[in-house]
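Convention: sequence-line order gives letters A, B, ...; per-chain numbering from 1.
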Number of protein chains: 2
Amino acid sequence: MDMGGKPVVRRARRFDPKRRERILDAAIEVIAEHGVAGTTHRLIARAADVPLGSLTYHFTGLDELRALAFTRLAERLSRAYAAHFDGVRTLDDLVEAVTDMVHGNVGTDAREWAVSYELYLAALRDPALRTVTEEWMRTSRTVLERFVDPDTARGLDALIEGLVMHRMLSTAPFPRAVTRAAVARAVQPLPGTDAGRTPTHEPEGRP
Amino acid sequence: MDMGGKPVVRRARRFDPKRRERILDAAIEVIAEHGVAGTTHRLIARAADVPLGSLTYHFTGLDELRALAFTRLAERLSRAYAAHFDGVRTLDDLVEAVTDMVHGNVGTDAREWAVSYELYLAALRDPALRTVTEEWMRTSRTVLERFVDPDTARGLDALIEGLVMHRMLSTAPFPRAVTRAAVARAVQPLPGTDAGRTPTHEPEGRP
DNA sequence: ATTTCATGTGTACCGTTGTACGCATGGACA
DNA sequence: TGTCCATGCGTACAACGGTACACATGAAAT
């Protein structure tokens, strides 16, 4: 007969390699949804479909978990960023590619951009994250330097950042033409100086 | 004789108009220091030198308090922003003024910029804050439109945002010359189109 | 087949936080 | 001067979150 005691439905143990990675992905997801502020062990655990204790087993604490999640995100973004500029040959291609990126016609979701801002802000306070942002910014600039000189790349990189952010925040429509014009100017040689000199558009390779 | 009972040192009541405003300023301070995530009633109370209960008396909850603090900040930033461009007459002045702003040679502290990014991020999730960001971005663009056409202003505004952010995050030195060159290009007319046409530099006034 | 231990699972504990609430007091106004 | 209520003050409480930990189990090594 049923004794009325709780069944204690202990979930069957699972053979689950990849769990670590899945947790990190879930963490990124949760951060995207709730922000760093609203990110908790329990939320991540539910998103990753693992018990709470699993998190403290695989990671020393929430700090480490966050840092690793951000690192993973940065690597993913770096790859997507580089890939996005693969077909670019001319300066016009570049302008178009950047415009596409800003307007989201690209693999990288608006969601993921939001998380990267979470990363920036977190890095402002947590020195451990500075490495990650530093590396990610270096990567993006390096990609751009395949097409323009380093100084121009810096400016262009900053412009992209600002454009994406404004587009995410602004409810008013953001015409493509405006973006394209801004980008075009950023890569335009500056008359009267040689700061805008472009090294022609050879991807790389030495003579 | 001393009965050993706790003295119960109830602080004297204070006559304290302005308390509301002081709390809001304290909140901004705390957000700057600890981020939105680390901002609590108790931290704000300590910073404002008021008892905990005072916060729930003056504000319905932490949400309202945050929103009002951000609003106050945005107004302050708007004034500082406008004031910074007061003396600008020529396009060269503008380039110089923007460069100064990016490099922090201006009233607005790096601290305050950081808080404004907290605001951006918070606004991404909290629709109530969208009004604030919307207004603040409109203001900054309006200021720039005193010197350049609206489309150029949009691009320049985004560029400023990105430059400030990169400078805050980057540990590597960020040469003024690079910033100035980027800004100069952003306000430069784009050859071959009339997108860069400037309405000369008359502040305002109709014929 | 046996052992082992890395990995998996559930839960308890303790500090922190948001918020409610009871009581105090002295400017403001009659 | 007397009253009153807006404002000030301290504390309680319930919820939540990070982390520790005791126990389970099965893949791999022997």
Side-chain angles (χ1 to χ4, degrees), chain A residues 5-27 29-31 33-70 118 122 125-126 128-129, chain B residues 5-27 29-31 33-70 118 122 125-126 128-129:
Chain A
K6 309 174 203 158
V8 190
V9 284
R10 196 181 180 87
R11 274 187 73 166
R13 178 195 181 84
R14 278 187 291 174
F15 178 55
D16 196 4
K18 313 264 178 203
R19 175 172 286 200
R20 244 183 95 92
E21 290 81 354
R22 193 149 40 82
I23 291 174
L24 289 177
D25 286 334
E29 206 60 29
V30 171
I31 293 175
E33 189 90 23
H34 302 272
V36 172
T39 298
T40 69
H41 272 140
R42 286 168 175 82
L43 236 38
I44 298 172
R46 207 175 314 155
D49 188 33
V50 298
L52 178 59
S54 194
L55 302 201
T56 55
Y57 174 74
H58 284 285
F59 307 94
T60 64
L62 199 51
D63 286 342
E64 189 194 40
L65 178 45
R66 253 203 313 266
L68 290 175
F70 275 135
E118 297 277 355
R125 296 202 172 70
D126 183 357
L129 292 176
Chain B
K6 309 175 204 158
V8 189
V9 284
R10 195 179 180 90
R11 274 187 71 167
R13 179 196 180 82
R14 279 186 291 174
F15 178 55
D16 197 5
K18 311 266 177 201
R19 175 172 287 201
R20 241 183 98 92
E21 291 81 354
R22 193 149 40 83
I23 291 174
L24 289 176
D25 285 334
E29 206 60 29
V30 171
I31 293 174
E33 189 90 24
H34 303 272
V36 172
T39 297
T40 69
H41 273 140
R42 284 166 176 83
L43 236 36
I44 297 172
R46 207 175 315 154
D49 188 33
V50 299
L52 179 59
S54 194
L55 302 201
T56 55
Y57 173 74
H58 284 284
F59 307 93
T60 64
L62 200 51
D63 287 342
E64 189 193 39
L65 178 45
R66 252 202 313 265
L68 290 175
F70 275 135
E118 298 277 355
R125 298 202 172 70
D126 184 357
L129 293 176

Check: B/R66/B/T39 side-chain N/O donor and acceptor closer than 3.5 Å: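 No, no side-chain donor-acceptor contact under 3.5 Å.
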**Message:** I want to confirm an ordering. Mapping A/G53 and B/G53 to their closest nucleotides on DNA chain C, which one lands closer to the 5' end?
**Reply:**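 The residue closer to the strand's 5' end, by nearest nucleotide, is A/G53.
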Close side-chain approach of B/R22 to B/D16, heavy-atom, < 4.5 Å: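 Result yes, sub-4.5 Å side-chain heavy-atom pair found.
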Check every strand shown and say whether B/T60 touches a base, only sugar-phosphate, or nothing at a heavy-atom separation below 4.0 Å.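 Nothing, no nucleic acid heavy atom in range.
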Report task. Select base, sugar-phosphate, or nothing to describe what B/T40 touches, counting heavy atoms under 4.0 Å on all strands. Result ->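 Touches sugar-phosphate only.
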Can you tell me the distance, in whole Å, between the [atom1] atom of [X] and the [atom2] atom of [N]?
X     : N      : atom1 : atom2 : value
A/R11 : C/dG10 : CZ    : P     : 7 Å
A/D49 : C/dG10 : CG    : P     : 11 Å
A/L55 : C/dT11 : CG    : P     : 16 Å
A/L65 : D/dG17 : CG    : P     : 15 Å
B/D16 : C/dG27 : CG    : P     : 12 Å
A/F59 : D/dG18 : CZ    : C1'   : 15 Å
B/Y57 : C/dA20 : OH    : P     : 15 Å
A/R46 : D/dG18 : CZ    : P     : 12 Å

Would a distance-only check, ignoring hydrogens and angles, find a side-chain to backbone donor-acceptor pair under 3.5 Å from A/E64 to A/T60?
->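 Judged by distance alone, yes, a pair lies under 3.5 Å.
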With respect to the side chain of [X], which nucleotide from [options] is positioned closest?
X     : options                : value
B/L62 : C/dG18, D/dA27, C/dT11 : C/dG18
B/H58 : C/dA12, D/dG8, C/dG8   : D/dG8
A/F15 : C/dG18, D/dA27, C/dG8  : D/dA27
A/P51 : C/dT19, C/dG10, D/dG10 : C/dG10

State whether the distance check finds a donor on one side and an acceptor on the other, under 3.5 Å, for side chain [X] versus base [N].
X     : N      : result
B/R19 : D/dG8  : no
B/R13 : D/dT7  : yes
A/R42 : D/dG18 : yes

**Check ion pair A/D49-A/R19 (N to O, under 4.0 angstrom)** =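 Between A/R19 and A/D49 there is no salt bridge, as every charged N stays at least 4.0 Å from the carboxylate O atoms.
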Check: Just how far is it from atom CG of B/L24 to atom CZ of B/F70, taken to the nearest 0.5 Å?
Finding: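 Answer rounded to 0.5 Å: 12.0 Å.
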Phosphate oxygens OP1/OP2 of C/dT7: is one of them under 4.0 Å from a side-chain N or O of A/R14?
->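 It does not, given that no N or O in the side chain of A/R14 lies less than 4.0 Å from OP1 or OP2 of C/dT7.
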